[in-house]
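These notes concern the structure reproduced below.
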Amino acid sequence: DFEGCGPGLLLNHMRVLAAHRPRPPESLPPTFVLWGTQDPGVSLAAHAELAMRCNAPVMPVGSAGHMPYLEQPSATLDWIRTAVRWSDLG
């Protein structure tokens, strides 16, 4: 509640975020990158770069934009099930 807490709270959050220096984990959990094929804001190239950094596949979700899990939940769930079968989690 910004109005109730005032701008000091926002300023404090911004300072904490600015000081945060995340370290990469020693090993990544099984990962996949969902790509809404109609995403207007994040290109396929950006998704592919993220996937390469995570050693993960890119999984396209047709007729979806930036939030395929909301726009195409069934297709997203199909990809999650596929990823679980491919990993040691299934």
Side-chain angles (χ1 to χ4, degrees):
D1 178 14
F2 181 74
E3 290 182 21
C5 296
L9 179 65
L10 179 60
L11 183 58
N12 185 54
H13 284 275
M14 297 301 287
R15 284 184 183 132
V16 169
L17 287 172
H20 181 61
R21 300 291 180 262
R23 288 175 281 154
E26 291 180 20
S27 64
L28 292 173
T31 302
F32 64 94
V33 176
L34 285 176
W35 168 53
T37 59
Q38 305 300 313
D39 189 338
V42 183
S43 67
L44 172 57
H47 283 84
E49 180 180 340
L50 174 62
M52 288 188 331
R53 289 179 183 211
C54 297
N55 194 28
V58 175
M59 299 174 154
V61 179
S63 300
H66 191 66
M67 295 185 285
Y69 47 89
L70 294 177
E71 299 165 35
Q72 297 293 332
S74 294
T76 299
L77 185 56
D78 288 344
W79 276 125
I80 291 170
R81 288 180 174 141
T82 298
V84 168
R85 282 193 305 270
W86 287 349
S87 72
D88 293 332
L89 300 174

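Residues: numbered from 1 along the sequence shown.
For T31 against C54, the heavy-atom pair with the smallest separation is CG2-CB, 4.0 Å. Scanning all heavy atoms of the two residues, the minimum distance from W79 to P60 falls at NE1-O, 2.7 Å. Nearest approach of V33 to H47, heavy atoms of both residues: CG1-CD2, 3.7 Å. G41 and D39 get closest at one heavy-atom pair: N-OD1, 2.8 Å. For the pair A64 and Q72, the tightest heavy-atom approach, listed with the atom from each and the gap, is CB-CG, 3.8 Å. Closest of all the heavy-atom pairs between V58 and A48 is CG2-CA, 4.0 Å.
In this structure P73 satisfies the side-chain contact (heavy atoms from CB on, under 4.5 Å) test with no other residue, sequence neighbours excluded. For M67, the side-chain contact (heavy atoms from CB on, under 4.5 Å) test picks out Y69, L70, E71, with sequence neighbours left out.
For the pair T76 (side chain) and P68 (backbone), a donor-acceptor distance under 3.5 Å is present.
Follow the hydrophobic side-chain contacts under 4.5 Å out from W86 and you reach I80 in the same cluster. W35 and M59 end up in different hydrophobic clusters when Ile, Leu, Val, Met, Phe, Trp and Tyr side chains are linked at under 4.5 Å.
Rounded to the nearest 0.5 Å, atoms CG (L50) and CZ (R53) are 8.0 Å apart. Atom CZ of R15 sits about 10.5 Å away from atom CG of L10, to the nearest 0.5 Å.
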